[in-house]
**Student:** 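So that we are looking at the same thing, I have put the structure below in structure tokens.
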Amino acid sequence: MILQQLVNGVALGCTYALIALGYTMVYGIISLINFAHGEIFMAGAFAGLLLVAYGKLNLFLALAGAMLVSVLLGIGVEFVAYRPLRRASRLSALISAIGVSIFLSTLAMLLFGANARGFPEGTFPSRQIDIFGAQISSLQLLIIVTAGVLMLALELVVKKTRIGKAMRAASEDYTAAALMGINVNLVVTFTFALGSALAAAGGVLVGVLFNAVSFNMGLHAGIKAFAAAVLGGIGSIPGAVLGGIVLGVAEISGVALGYSSWRDAIAFAILVLVLLVRPTGLLGKRIDRKV
Amino acid sequence: MSLLSLEQVTIRFGGLTAVAGVSLAVAEGEIVALIGPNGAGKSTLFNLVTGIYRPTSGTIRFDGAEIAGSPPHRLARAGIARTFQNIRLFPGQNLLQNTLTGAHTRGSWGLAGAILPFLPAVRREEGLLLEQAMHSLGVVGLATKAFEPAASLSYGEQRRLEIARALALSPRLLLLDEPAAGMNPQEKQSLGETVREIRAQGVTVLLVEHDMRFVMGISDRVVVLDHGVKIADGRPGEVRDNPAVIEAYLGHRGVGHA
Amino acid sequence: MLIDPYIQQILISIGIGVILAQGLNIITGLTGQLSLGHAAFMSIGAFSGALLTIRTGLPLPLALLAGGVVPALAALAVGWPILRLSGDYLAICTLGFAEIVKVVFLNLELTNRAFGLTVPQPETTIPLPLLVLLAALGVTLFAQSVRSSRFGRALMAIRDDEIAAAAAGIDVASHKLQAFAVSAFLAGVGGCLYAHVLGYINPSDFGFLKSVDMLAMVVLGGLGSVPGALLGATILGAAPELLRFMATYRMLVYGAMLVALMVFRPNGLLGGINLVEFVMRRSGRPPRRTGGSP
């Protein structure tokens, strides 16, 4: 029973982690809370849904297609709404991000209607698997495995590729990276692309898990995923994963204990408490202020 | 009795000892210069005296009272004002606003004053602060630019504005962190005059400065730090001829570096 | 009242917007502490004021006072630990706090859970729309007075450089807390008016988007600028009503408008302009620091 809830929590946490990675990478490089990230996630979910329902693709191809759609959208948003504000105050960029978020969610409502839509029957045949006496749904395993594979892929990209190294350099010191001849604009574009792809994957997985895709799913998932990123230590990739899973498990535990209507408060209460005890998050670096 | 006295003050950051067992006394009305090569612990000492750091051990007394560990704003209230090595103005505000903020401790109306701005007592206090701020700007020769934004000033003027802001507090002790840095010779000369005038008004001055000619010209006493340790303390002439000081400087670079 | 009800509605929407924007401007614009959870204080003010009216039949002015004091006390309690955090961490903490308040109110018997409260129309000697506008005017005068007071200078010093502010003798923690409480007070008054004007409130009305609305007003006009907050609140307070003819498209336009404004005018419409000083300099007089003239 406990194991079953734990798997529930980890599966939910993995979807938070996939979204949180985009927040944390973007924040690490340009210190922007990309509020539109939740909408990129929502767009990915819709793209996946349409590809399965009308494109008749199987779930994995649809997942790849959704990632591609969100990558293009993420790059486009960065180009239109954030790039012109690179030198403006961070608050202006934040407001611009909020504007994009409102724009995209309204657009989705106009295009796809206000009601939640489900994936077609049999998109992913869900079976209950018995592991150590716990009933685990194959859907949850799918989510955990897919998220795990994507996170490993991200790890490889960031650690092993040239552009990944440039990302890490820009995240360490943006100005110095620019002075060293790194094309920081390309790095930022690439970071948005990576984050958007992961968010889209999260969107499709969440859509399948709850069998619901709606225009306003981005707002709450986005805020919680951002909380996960901060919880883990913003700017830290392992931190985002840890934060996502901690939030997911905490939420499911709360629900299992009968506090389901308090669900959203649980995540934020943990966040606030962690920030008060350890303002840099669980895995964040401590920054001393200079005098 | 000395206005400021440090006894065996030590501060460590992790494994690094930035200031090691420094004892130092500054008498009321003195101009004392703190010199030493880069990394000698001068700015750290300022940060200790102004409450930004708490010493690992040792005592710091101001006007007889132990102040080590008191927060910066309390020390400012007690009468310690300072400038910063890397200028810290309020750049979007004009000179008068900067200086008025410096006069904060001279007033007492807080939120209530903002709610009831028309009370005679509030208006009187504002008038007083304004007078104090304009006076401070006058001392550093910036009164005519009172309504220009701080960001529009030249580097040397910004340093002077920082002094005006510190003076507006009506301090008993004024700490100047590299006040002459980035100034041309004329500016330095007029800065020297300003510092003497400030002392003439009864303010004790402790300053960190690299420009030896400036230091030797205005200080009553010079204290030399090297690697966090005090290696000399005396009249400018004595310190200049002190072999330990020459050694410390030649080890890094020559005396007289500007 | 003789004015067209449609115009009345727009004026009320603007008036409440002005109160909220001036309030948020004090903590975010003047003190530089970003709050993404001001809807929580609005909510606390709305519910405490509404409950007093419903349960005790308290006259509106007293309900408004309570609607300000309760959130101010909440701000003191919450602000004490969280105002030590800086920048985005504070923003996220306030956001988290607002979500918690929303969920708590959705679960409390007292606030009638997810059903919300119906608030009876208060009996006032002045017509309600006029009262809202007078309150908005009063709050704006107060905000201007703060800006040119010793208290306000301390807040701006904290915004610009906390270390320099402390070196000038300003108790940074205490001033941040006071600014937060004042700001919450005004958000609460705005919320309380909102409750009485609309006649119905629901905890879900005060979600994240409400906090964003307030922030957008302040940023649109220019952070820290009192006339800016007035202008921003007027534009955005009227926008949803004026854009109503576009029906469902209006939020689309609103979103695009925010982006366009930031891209073309990142410091807000009146950012960096201090109107009082601008006028004073033109007329060749030094600005008087005191007096309540906006």
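No experiment lies behind these values; they were computed from the predicted model shown.
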**Student:** Is C/V104 close to chain A through its backbone or its side chain, or both, or neither, when contacts mean heavy atoms under 4.5 Å?
**Tutor:**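 When you check distances to chain A, atoms from both the backbone and side chain of C/V104 fall under 4.5 Å.
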**Student:** Do C/V103 and A/I266 have side-chain heavy atoms sitting under 4.5 Å apart?
**Tutor:** no
**Student:** Non-hydrogen atoms of chain A under 4.5 Å away: do they reach the side chain of C/L34, the backbone, both or neither?
**Tutor:**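 For C/L34, the contact with chain A is made by the side chain alone.
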**Student:** Please determine, among A/V230, A/D264, A/I223, the option with the most heavy-atom pairs under 4.5 Å with chain C.
**Tutor:**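 Among A/V230, A/D264, A/I223, the one with the most close pairs to chain C is A/I223.
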**Student:** Mind checking whether A/F268 and C/L95 have side chains closer than 4.5 Å, heavy atoms only?
**Tutor:** yes
**Student:** Do A/L275 and C/L90 touch side chain to side chain, with heavy atoms closer than 4.5 Å?
**Tutor:**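 No, side chains not in contact.
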**Student:** How many angstroms lie between atom CG of C/L215 and atom CG of A/L94, to the nearest 0.5 angstrom?
**Tutor:**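 The CG atom of C/L215 sits 6.5 Å away from the CG atom of A/L94.
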**Student:** What residue in C/N107, C/L261, C/L106, C/L85 has the most heavy-atom pairs under 4.5 Å with chain A?
**Tutor:** C/N107
**Student:** Between A/L271, A/L104, A/L110, which shows the greatest number of heavy-atom pairs under 4.5 Å with chain C?
**Tutor:**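 The residue among A/L271, A/L104, A/L110 with the greatest pair count is A/L110.
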**Student:** At a 4.5 Å cut-off on heavy atoms, which part of A/L276 comes close to chain C: side chain, backbone, both, or neither?
**Tutor:** both
**Student:** Heavy atoms, side chains only, cut-off 4.5 Å: are A/H220 and C/E99 in contact?
**Tutor:**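 A side-chain contact under 4.5 Å exists here.
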**Student:** Atom CZ in C/R265, atom OG in A/S92: separation rounded to 0.5 Å?
**Tutor:** 11.0 Å
**Student:** Which heavy atom of A/T106 sits nearest a heavy atom of C/M251, and at what distance?
**Tutor:**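 Shortest heavy-atom contact: OG1-CB, 3.4 Å.
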**Student:** CG/A/L219 to CG/C/L209 distance, rounded to the nearest 0.5 angstrom?
**Tutor:** 5.5 Å
**Student:** Side chain, backbone, both or neither: which part of C/V212 has a non-hydrogen atom closer than 4.5 Å to chain A?
**Tutor:** side chain
**Student:** Between C/V219, C/I92, C/L258, which residue shows the highest count of heavy-atom pairs closer than 4.5 Å to chain A?
**Tutor:**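 Ranked by contacts with chain A, first place is C/I92.
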**Student:** Of all the residues in residues 76-87 of chain A, which have a heavy atom that comes within less than 4.5 Å of a heavy atom in chain C?
**Tutor:** A/V80, A/A81, A/P84, A/L85
**Student:** Select one option (side chain, backbone, both, neither) describing which atoms of C/L36 are under 4.5 Å from chain A's heavy atoms.
**Tutor:** side chain
**Student:** Taking all non-hydrogen atoms of both residues into account, name the closest pair between A/L107 and C/L252 and its distance.
**Tutor:**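 What the structure gives for the nearest pair is N-CD1, 3.6 Å.
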**Student:** Which distance, rounded to the nearest 0.5 Å, do you find between the OH of C/Y254 and the CD1 of A/I98?
**Tutor:**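 These two atoms lie 9.0 Å from each other.
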